[in-house]
Q: 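The structure's right below; bear with me while I get my questions together.
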Amino acid sequence: MADWIERWKETSSAAERSIAAAGDLDALEKERVAWLGRSGKLNLLMKELPALPEDRRRAWGGPANQDKNRIVGLLEERKESFERAALEGALTKAEIDPTLPPPPPSRGRLHPLTLALDEMISILARLGFSWAEGPNAETEYYNFEALNIPAEHPARDTQDTFFLKTREGSPGLLMRTHTSPVQIRRMESARPPIRIIAPGRVFRHEAVDASHSAVFHQIEGLYVDKNVSMADLKGTLDTFLQCLFGSQTKTRFRPSNFPFTEPSAEVDISCILCGGSGCAACKRSGWMEILGCGLVHPNVFKAVDYNPELWSGFAFGLGVERIAMLKLGVTDIRMFYENDVRFLEQWG
Ligand code: PHE
């Protein structure tokens, strides 16, 4: 039998060759077990060492141990290089360029509806209107009755109104279908002259589509004083709409009907896209419908104990989403509520 040291050298160089040939981390682990594991070949040889004559043991023990450590080192080196390659592979596959600076942190900004609301409110504030608000959950009295909407009026149809469950005996509540109840609340708690706007949420039991949402926003306007006329209403709205859409904007008042105003009108503006010549956005009419308004109905004054012979006023109500859509060129109202950052990022 060959000298122990010969067998050691042969085994260790065989180990070196197979370690170099191992193709991946798994193969490498098998090599470690085969040579250095509990019954690995190098380990078994090591166990023979104590049985050798003392002079050989002394001569060979040291160098063999160093050699074993060298093999351990080779295994480590290969392992690291496989791991590095795996990481680099993952980085290239994911197309990560670690030398690029990180993307800038995204900044918060105001919601497009808030921007539109703020702009409209600030114009109206300059025209002398001050802020008022009322509850979203209203009584039938404020939402309908006091606004001259009798029980059998179609606006009361359960189709349009969300009614709330209330305890028996307490007054029925509903989600307000418009901001007009704030007119009543303000007139009850103040004396003329009154000049308020009431921005806020309104609720309608409707199917949601590109131009309808069950929850949307309105701005209510109310002016009450002596001798308020249609001319005051028209002057105020003309100024407001020209500030909002540009000084070239023309307005058109069409007769309409609201229970709480008499006379009533719907207001159109000249199309903000084509200027009035007719395009797809205004359905070739040159006009876009923008809000409802009128002079406060005598029955509304009676409901709040104002003498209709003495006081007069105008009111208007506009849809915030509708105006924001026109101004921003948004064609689907649902975009405002979906919180898609790619949409929201475009303004503010
Ligand atoms: N409240 C009405 C609506 O929601 C709008 C309006 C307000 C009309 C004030 C006239 C006066 O349709």
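Just follow the structure's listing: the first ligand is 1, and inside any ligand the first atom is 1.
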Q: Looking only at side-chain N and O atoms, does Asp67 offer a donor or acceptor that is under 3.5 Å from a partner on Ser12?
A: yes
Q: Output the distance between atom OG (Ser213) and atom CD (Glu321), rounded to the nearest 0.5 Å.
A: 6.5 Å
Q: Sequence neighbours left out, what passes side chain to side chain contact (heavy atoms under 4.5 Å, CB included) with Lys283? Give chain and number order.
A: none
Q: Got a list of side-chain donor-acceptor pairs under 3.5 Å for residues 71-79, not counting sequence neighbours?
A:
| from | atom 1 | to | atom 2 | distance (Å) |
| --- | --- | --- | --- | --- |
| Arg78 | NE | Ile19 | O | 3.4 |
| Arg78 | NH2 | Ala20 | O | 3.3 |
| Arg78 | NH2 | Ala22 | O | 2.6 |

Q: Quick one: ring-ring contact (aromatic ring centres under 6.0 Å, His included) pairs with a partner in residues 133-157, sequence neighbours left out?
A: none
Q: Would you mind listing each N/O atom of ligand 1 next to any protein N/O under 3.5 Å, plus the distance?
A:
| from | atom 1 | to | atom 2 | distance (Å) |
| --- | --- | --- | --- | --- |
| ligand 1 | 1 (N) | His178 | ND1 | 3.0 |
| ligand 1 | 1 (N) | Ser180 | OG | 3.0 |
| ligand 1 | 4 (O) | Arg204 | NH2 | 3.0 |
| ligand 1 | 4 (O) | Gln218 | NE2 | 3.0 |

Q: Check whether any side-chain heavy atom of Asp225 lies under 4.5 Å from a side-chain heavy atom of Trp311, and answer yes or no.
A: yes
